[in-house]
Amino acid sequence: MKLFVYHTPELTPNGQVPDCAIAVDVLRATSTMATVLAGGGEAVQVFSDLDQLLEVSEQWPAQKRLRAGERGGAKVAGFELGNSPLDCTPELVEGRRLFISTTNGTRALQRVQDSPVVLAAAFINRAAVVQYLLEKQPETVWIVGSGWEGSFSLEDTACAGAIAHSLVEKSQSSQDDLAGNDEVISAIALYSQWQDNLLGLFHQASHGKRLLRLECHEDLKYCASTDILNVLPIQREPGVL
Ligand code: 3SL
């Protein structure tokens with residue numbers, strides 16, 4: 001297995017797909033998706049465009065759908081949900097499909113949606129993703145951070161490092177064998193430095209600060225918990241996990 005970390009969707013190589021692509025948006029889209037599926041959600045369907053989301057979800061029975069829209073960290077007017085994983089309780093999501101559009105996370109998923117296998121990862125489901133990789137042994141794996149509007153995000157790269165770190169620990173491979181690009185080494189170093197204080201890292205991250213200004217402190221705490229959900233968000237058809 002060769003692992004490649006890309007800090008943003010824009011940095012992934014054009015015209016190529018890996019055997020397995022993992023989209024990461026710790027704050028908060030992939031944390032929300034994992035939470036919905038762990039809570040018994042029927043599926044998560046992602047959209048970059050809010051109008052398209054509304055059009056497609058209209059064709060779904062109203063009692064079987066939830067619509068989540070986030071822009072700039074805030075809930076979009078007219079949507080039932082924003083992008084807080086804590087709003088996605090099992091009571092609310094069970095048996096329902098989440099139609100979701102967020103600023104960056106849904107774009108990252110769409111960028112890699114033509115890969116044969118597409119996963120969504122966050123700290124909360126890191127172990128399930130690592131387990132899948134150890135069992136399936138895909139030859140090339142991309143971990144793609146969502147970033148923020150094209151820029152690097154500390155928390156996504158730290159999560160990429162958490163996945164890589166755990167793979168090194170649990171497989172027979174050395175860091176050197178596993179790393180397909182230099183970003184893997186730096187992601188592992190970032191995670192290693194902060195693994196005991198991920199919340200502290202989020203407090204330094206620009207998007208963490210943005211969410212704190214929006215009073216999302218509890219979301220940050222939740223998204224900093226590692227390996228708490230045994231769920232593997234895996235794409236079943238383009239844009240649907
Ligand atoms: O950018 C995104 O996709 C979101 O996860 C951002 S937020 O955490 O909902 O503000």
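Just so we're clear, the structure is a prediction, and the values are computed from it rather than from any experiment. As the structure lists them, so they are numbered: ligands from 1, and atoms in each ligand from 1.
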Regarding S57 and R97, do their side chains bring together a donor and an acceptor under 3.5 Å, going by distance alone?
no
If we number the atoms of ligand 1 from 1 as shown, the ones under 4.0 Å from a heavy atom of W148 are 1 (O), 6 (C)
G72 N/O to ligand 1 N/O under 3.5 Å
no
salt_bridge(R28, E155) N-O dist < 4.0 Å
no
For the residue pair S146 / R107, report whether a side-chain donor-acceptor contact shorter than 3.5 Å exists.
no
Closest protein heavy atom to atom 9 (O) of ligand 1, given as residue, atom name and distance to 0.1 Å
N83 ND2, 2.7 Å
Looking at A29, which atoms of ligand 1 are within less than 4.0 Å of one of its heavy atoms?
3 (O), 5 (O)
Going by atom types alone, do T35 and Y222 pair a side-chain donor with an acceptor below 3.5 Å?
yes
Ligand 1 versus E70, non-hydrogen atoms closer than 4.0 Å: side chain, backbone, both, neither?
side chain
side-chain contact (heavy atoms from CB on, under 4.5 Å), paired with D156, selected from V24, T8, V144:
V24
Quick one: look up the protein heavy atom nearest atom 10 (O) of ligand 1 and list residue, atom name and how far away it is.
G73 CA, 3.0 Å
Within the distance-only criterion (no hydrogens, no angle test), does the side chain of T102 pair as donor or acceptor with the backbone N or O of T106 below 3.5 angstrom?
yes
H207 N/O under 3.5 Å from ligand 1 N/O:
yes
Logged contact type for T32 with ligand 1, heavy-atom cut-off 4.0 Å, is neither
When the ring planes of F123 and F202 are compared, do they come out parallel, tilted or perpendicular, using 30° and 60° as the limits?
tilted
Can you pull out the closest protein heavy atom to atom 2 (C) of ligand 1? Residue, atom name and distance to 0.1 Å, please.
D25 OD2, 3.1 Å
Would you say the side-chain atoms of T103 and E70 include a donor-acceptor pair closer than 3.5 Å?
yes
Which of the atoms in ligand 1, numbered in the order shown and given with their element, are less than 4.0 Å from a heavy-atom of T102?
2 (C), 3 (O), 4 (C)
So is G105 polar-close to ligand 1, meaning N/O to N/O under 3.5 Å?
yes
Give the atom numbers and elements of ligand 1 that come within less than 4.0 Å of a heavy atom of L211.
8 (O), 10 (O)
